[in-house]
Visitor: 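My questions all concern the structure below.
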Amino acid sequence: MNIFRLAGDLSHLLAIIILLLKIWKTRSCAGISGKSQVLFAIVYLTRYLDLFTTYISLYNSIMKIVFIAASGATLYLMYVKFKATYDHNHDSFRIEFLLIPCVILALIINHDFTVMEILWTFSIYLESVAILPQLFLVSKTGEAESITSHYLFALGSYRALYLLNWIYRYMAESHYDLIAIFAGVVQTILYCDFFYLYITKVLKGKKLQLPA
Amino acid sequence: FGKLRFKDEL
(Lines give C-alpha, C1' and ligand atoms only; values in the text may rest on other atoms or scores of the structure.)
Protein backbone atom coordinates (compact mmCIF):
# COMPACT_ATOMS: atom_id res chain seq x y z
CA MET A 1 0.00 0.00 0.00
CA ASN A 2 1.50 3.30 -1.08
CA ILE A 3 0.23 6.83 -0.53
CA PHE A 4 -1.28 7.14 -4.05
CA ARG A 5 -3.21 3.92 -3.66
CA LEU A 6 -4.53 4.90 -0.23
CA ALA A 7 -5.46 8.39 -1.44
CA GLY A 8 -7.22 6.82 -4.44
CA ASP A 9 -9.25 4.46 -2.29
CA LEU A 10 -10.19 7.23 0.14
CA SER A 11 -11.20 9.46 -2.75
CA HIS A 12 -13.38 6.65 -4.11
CA LEU A 13 -14.95 6.14 -0.71
CA LEU A 14 -15.49 9.89 -0.29
CA ALA A 15 -17.26 10.07 -3.68
CA ILE A 16 -19.68 7.32 -2.72
CA ILE A 17 -20.39 8.94 0.68
CA ILE A 18 -20.92 12.38 -0.90
CA LEU A 19 -23.44 10.90 -3.33
CA LEU A 20 -25.37 9.05 -0.63
CA LEU A 21 -25.42 12.10 1.65
CA LYS A 22 -26.52 14.37 -1.16
CA ILE A 23 -29.48 12.15 -2.00
CA TRP A 24 -30.35 11.58 1.66
CA LYS A 25 -30.08 15.20 2.84
CA THR A 26 -31.88 16.77 -0.12
CA ARG A 27 -34.38 13.89 -0.35
CA SER A 28 -33.74 14.02 -4.08
CA CYS A 29 -31.64 12.38 -6.77
CA ALA A 30 -32.15 15.15 -9.31
CA GLY A 31 -29.11 15.55 -11.55
CA ILE A 32 -27.81 12.04 -10.85
CA SER A 33 -27.78 9.43 -13.59
CA GLY A 34 -29.44 6.20 -12.43
CA LYS A 35 -27.90 4.49 -15.44
CA SER A 36 -24.35 5.31 -14.30
CA GLN A 37 -25.26 4.02 -10.85
CA VAL A 38 -26.60 0.77 -12.34
CA LEU A 39 -23.34 0.38 -14.29
CA PHE A 40 -21.28 0.97 -11.13
CA ALA A 41 -23.33 -1.67 -9.30
CA ILE A 42 -22.57 -4.13 -12.12
CA VAL A 43 -18.87 -3.14 -11.89
CA TYR A 44 -18.68 -3.88 -8.15
CA LEU A 45 -20.66 -7.10 -8.35
CA THR A 46 -18.60 -8.58 -11.19
CA ARG A 47 -15.24 -7.44 -9.79
CA TYR A 48 -15.69 -8.33 -6.15
CA LEU A 49 -16.87 -11.91 -6.68
CA ASP A 50 -13.40 -12.84 -5.41
CA LEU A 51 -14.65 -11.96 -1.91
CA PHE A 52 -15.85 -15.57 -1.91
CA THR A 53 -12.72 -17.15 -3.34
CA THR A 54 -9.65 -15.18 -2.24
CA TYR A 55 -8.85 -13.48 1.04
CA ILE A 56 -6.36 -10.64 0.70
CA SER A 57 -6.70 -8.49 3.80
CA LEU A 58 -9.33 -7.18 6.18
CA TYR A 59 -8.96 -3.74 4.56
CA ASN A 60 -9.55 -5.23 1.11
CA SER A 61 -12.62 -7.21 2.14
CA ILE A 62 -14.20 -4.37 4.10
CA MET A 63 -13.73 -1.88 1.26
CA LYS A 64 -15.27 -4.31 -1.24
CA ILE A 65 -18.27 -4.92 1.00
CA VAL A 66 -18.68 -1.16 1.61
CA PHE A 67 -18.58 -0.41 -2.13
CA ILE A 68 -21.17 -3.08 -2.91
CA ALA A 69 -23.43 -2.04 -0.01
CA ALA A 70 -23.19 1.69 -0.80
CA SER A 71 -23.90 1.01 -4.45
CA GLY A 72 -26.98 -1.01 -3.51
CA ALA A 73 -28.13 1.72 -1.12
CA THR A 74 -27.73 4.35 -3.84
CA LEU A 75 -29.84 2.31 -6.25
CA TYR A 76 -32.47 1.80 -3.56
CA LEU A 77 -32.67 5.54 -2.85
CA MET A 78 -32.85 6.38 -6.56
CA TYR A 79 -35.21 3.72 -7.83
CA VAL A 80 -37.41 3.15 -4.77
CA LYS A 81 -37.35 5.74 -2.00
CA PHE A 82 -36.88 8.94 -4.00
CA LYS A 83 -38.03 7.57 -7.35
CA ALA A 84 -40.28 10.61 -7.90
CA THR A 85 -37.25 12.92 -8.04
CA TYR A 86 -35.36 10.82 -10.57
CA ASP A 87 -34.66 12.69 -13.78
CA HIS A 88 -35.89 10.07 -16.28
CA ASN A 89 -36.16 12.29 -19.32
CA HIS A 90 -32.59 13.56 -19.25
CA ASP A 91 -31.05 10.20 -18.28
CA SER A 92 -31.43 8.82 -21.77
CA PHE A 93 -28.00 7.33 -22.50
CA ARG A 94 -28.30 3.85 -24.05
CA ILE A 95 -26.22 1.67 -21.73
CA GLU A 96 -26.24 -1.32 -24.08
CA PHE A 97 -23.80 0.70 -26.22
CA LEU A 98 -21.36 0.43 -23.31
CA LEU A 99 -22.24 -3.02 -21.96
CA ILE A 100 -22.00 -4.97 -25.23
CA PRO A 101 -18.58 -3.63 -26.33
CA CYS A 102 -17.22 -4.23 -22.81
CA VAL A 103 -18.42 -7.86 -22.86
CA ILE A 104 -16.86 -8.43 -26.29
CA LEU A 105 -13.58 -6.72 -25.34
CA ALA A 106 -13.36 -8.70 -22.09
CA LEU A 107 -13.78 -11.94 -24.05
CA ILE A 108 -11.02 -10.97 -26.48
CA ILE A 109 -8.48 -9.15 -24.33
CA ASN A 110 -8.02 -10.67 -20.87
CA HIS A 111 -5.27 -12.12 -18.70
CA ASP A 112 -6.78 -15.60 -18.59
CA PHE A 113 -9.82 -17.21 -20.22
CA THR A 114 -11.61 -18.16 -16.99
CA VAL A 115 -15.00 -16.99 -15.71
CA MET A 116 -13.57 -15.02 -12.78
CA GLU A 117 -10.87 -13.39 -14.86
CA ILE A 118 -13.25 -12.43 -17.69
CA LEU A 119 -15.73 -10.94 -15.20
CA TRP A 120 -12.90 -8.98 -13.57
CA THR A 121 -11.73 -7.72 -16.97
CA PHE A 122 -15.30 -6.82 -17.96
CA SER A 123 -15.69 -4.82 -14.75
CA ILE A 124 -12.45 -2.93 -15.42
CA TYR A 125 -13.55 -2.01 -18.96
CA LEU A 126 -17.07 -1.13 -17.81
CA GLU A 127 -15.84 1.05 -14.97
CA SER A 128 -13.77 3.09 -17.38
CA VAL A 129 -16.89 4.20 -19.27
CA ALA A 130 -19.58 3.89 -16.57
CA ILE A 131 -19.57 7.63 -15.90
CA LEU A 132 -20.63 8.47 -19.47
CA PRO A 133 -24.41 8.44 -18.77
CA GLN A 134 -23.76 10.86 -15.88
CA LEU A 135 -21.64 13.19 -18.03
CA PHE A 136 -24.28 12.90 -20.76
CA LEU A 137 -26.99 13.94 -18.26
CA VAL A 138 -24.92 16.94 -17.14
CA SER A 139 -24.37 17.96 -20.75
CA LYS A 140 -28.10 17.62 -21.50
CA THR A 141 -29.22 19.76 -18.57
CA GLY A 142 -26.21 22.07 -19.09
CA GLU A 143 -25.42 22.31 -15.38
CA ALA A 144 -24.65 20.39 -12.22
CA GLU A 145 -25.20 21.23 -8.57
CA SER A 146 -22.00 21.91 -6.62
CA ILE A 147 -22.42 18.76 -4.56
CA THR A 148 -22.76 16.67 -7.73
CA SER A 149 -19.57 18.33 -9.00
CA HIS A 150 -17.73 17.41 -5.81
CA TYR A 151 -18.93 13.83 -6.24
CA LEU A 152 -17.68 13.72 -9.82
CA PHE A 153 -14.35 15.27 -8.86
CA ALA A 154 -13.73 12.74 -6.08
CA LEU A 155 -14.78 9.86 -8.33
CA GLY A 156 -12.56 11.04 -11.19
CA SER A 157 -9.58 11.67 -8.89
CA TYR A 158 -9.69 8.11 -7.64
CA ARG A 159 -8.60 6.53 -10.93
CA ALA A 160 -6.11 9.33 -11.62
CA LEU A 161 -4.50 8.55 -8.24
CA TYR A 162 -4.47 4.86 -9.17
CA LEU A 163 -2.47 5.77 -12.29
CA LEU A 164 0.19 7.31 -10.00
CA ASN A 165 -0.02 4.17 -7.84
CA TRP A 166 0.68 2.00 -10.90
CA ILE A 167 3.67 4.14 -11.89
CA TYR A 168 4.96 3.82 -8.31
CA ARG A 169 4.39 0.06 -8.27
CA TYR A 170 6.10 -0.34 -11.62
CA MET A 171 9.16 1.40 -10.22
CA ALA A 172 9.05 -0.28 -6.81
CA GLU A 173 7.92 -3.78 -7.82
CA SER A 174 8.71 -3.90 -11.58
CA HIS A 175 5.17 -5.09 -11.98
CA TYR A 176 2.33 -3.71 -14.06
CA ASP A 177 -1.11 -4.60 -15.39
CA LEU A 178 -1.72 -3.42 -18.95
CA ILE A 179 -5.50 -3.97 -18.86
CA ALA A 180 -5.95 -1.87 -15.73
CA ILE A 181 -3.54 0.81 -16.99
CA PHE A 182 -5.25 1.08 -20.38
CA ALA A 183 -8.73 1.28 -18.83
CA GLY A 184 -7.53 3.64 -16.10
CA VAL A 185 -6.08 6.03 -18.69
CA VAL A 186 -9.34 5.97 -20.68
CA GLN A 187 -11.34 6.53 -17.50
CA THR A 188 -9.21 9.49 -16.43
CA ILE A 189 -9.29 11.07 -19.89
CA LEU A 190 -13.10 11.02 -19.84
CA TYR A 191 -13.02 13.24 -16.75
CA CYS A 192 -10.50 15.77 -18.08
CA ASP A 193 -13.08 18.15 -19.51
CA PHE A 194 -14.99 18.00 -16.24
CA PHE A 195 -11.81 18.52 -14.17
CA TYR A 196 -11.12 21.67 -16.16
CA LEU A 197 -14.61 23.06 -15.49
CA TYR A 198 -14.42 22.02 -11.83
CA ILE A 199 -11.15 23.85 -11.24
CA THR A 200 -12.02 26.96 -13.24
CA LYS A 201 -15.61 27.30 -12.00
CA VAL A 202 -16.71 25.23 -9.01
CA LEU A 203 -13.62 25.92 -6.91
CA LYS A 204 -14.15 29.66 -7.50
CA GLY A 205 -17.62 29.39 -6.00
CA LYS A 206 -19.49 29.35 -9.28
CA LYS A 207 -22.02 26.77 -10.35
CA LEU A 208 -20.90 24.27 -12.97
CA GLN A 209 -22.67 25.54 -16.04
CA LEU A 210 -21.78 24.48 -19.53
CA PRO A 211 -21.41 27.15 -22.21
CA ALA A 212 -24.57 27.29 -24.30
CA PHE B 1 -1.27 -10.18 -21.74
CA GLY B 2 0.06 -12.51 -19.11
CA LYS B 3 -1.20 -13.00 -15.57
CA LEU B 4 -0.05 -9.68 -14.33
CA ARG B 5 -2.95 -8.24 -12.42
CA PHE B 6 -2.73 -6.85 -8.93
CA LYS B 7 -5.19 -8.97 -6.98
CA ASP B 8 -4.87 -6.74 -3.93
CA GLU B 9 -6.32 -3.70 -5.69
CA LEU B 10 -9.92 -2.56 -5.55
Side-chain angles (χ1 to χ4, degrees), chain A residues 1-2 4-6 8-13 16 43-44 47-48 50-51 53-57 59-68 105-106 108-114 116-117 120-121 123-124 127 158-159 161-162 165-166 168-170 173-184, chain B:
Chain A
M1 178 76 80
N2 57 67
F4 303 114
R5 164 72 199 286
L6 182 64
D9 285 352
L10 293 179
S11 180
H12 193 182
L13 191 62
I16 289 171
V43 165
Y44 298 134
R47 189 176 312 166
Y48 300 151
D50 65 353
L51 267 172
T53 60
T54 334
Y55 177 78
I56 290 142
S57 66
Y59 170 83
N60 192 277
S61 298
I62 289 175
M63 290 294 261
K64 285 173 177 170
I65 292 167
V66 169
F67 288 155
I68 293 172
L105 201 59
I108 300 171
I109 303 175
N110 51 58
H111 290 313
D112 201 359
F113 203 81
T114 60
M116 290 293 277
E117 205 55 33
W120 177 84
T121 312
S123 88
I124 291 289
E127 183 188 346
Y158 134 70
R159 221 49 177 173
L161 287 162
Y162 257 68
N165 156 54
W166 292 325
Y168 179 90
R169 291 189 82 165
Y170 177 67
E173 302 165 32
S174 308
H175 191 68
Y176 61 95
D177 178 339
L178 283 178
I179 288 176
I181 292 170
F182 165 73
Chain B
F1 289 94
K3 287 180 204 175
L4 287 167
R5 81 176 176 96
F6 295 109
K7 301 218 178 202
D8 61 317
E9 292 191 344
L10 293 164

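Order of the sequence lines fixes the chain letters, A, B, ..., with proteins taken first and strands second; residue numbering starts at 1 for each chain.
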Visitor: Step by step, work out the side-chain contact (heavy atoms from CB on, under 4.5 Å) result for B/K7 and A/D50.
Guide: CA-CA 9 Å; B/K7 301 218 178 202; A/D50 65 353; 5.6 Å; no
Visitor: Flag the one option from A/Y59, A/Y44, A/W120 with the top tally of heavy-atom pairs under 4.5 Å to chain B.
Guide: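 The answer is A/W120.
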Visitor: Taking the basic N atoms (NZ, or NE/NH1/NH2) and the acidic carboxylate oxygens, is any pair closer than 4.0 Å for A/R169 and B/D8?
Guide: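 Counted as a salt bridge, because a side-chain N and a carboxylate O are separated by less than 4.0 Å.
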Visitor: For A/Y158, which atoms come within 4.5 Å of any heavy atom of chain B: side chain, backbone, both, or neither?
Guide: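 Contact with chain B is through the side chain of A/Y158 alone.
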Visitor: Start with the C-alpha gap between A/R47 and B/E9, add the side-chain angles, then the distance that decides, and say whether salt bridge (charged side-chain N to carboxylate O under 4.0 Å, His left out) holds.
Guide: CA-CA 11 Å; A/R47 189 176 312 166; B/E9 292 191 344; over 6 Å; no
Visitor: Sort A/D9 into side chain, backbone, both or neither according to what part of it lies under 4.5 angstrom from a heavy atom of chain B.
Guide: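 Contact with chain B is through the side chain of A/D9 alone.
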Visitor: Is the closest side-chain heavy-atom distance between A/I179 and B/R5 below 4.5 Å?
Guide: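 No, too far: nothing below the 4.5 Å cut-off.
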Visitor: Working to the nearest 0.5 angstrom, can you tell me the gap between A/H12 NE2 and B/L10 CG?
Guide: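 If we round to the nearest 0.5 Å, A/H12:NE2 and B/L10:CG are 8.5 Å apart.
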Visitor: Got A/E173 and B/F6 here, is their nearest side-chain heavy-atom distance under 4.5 Å?
Guide: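 Side-chain contact under 4.5 Å: yes.
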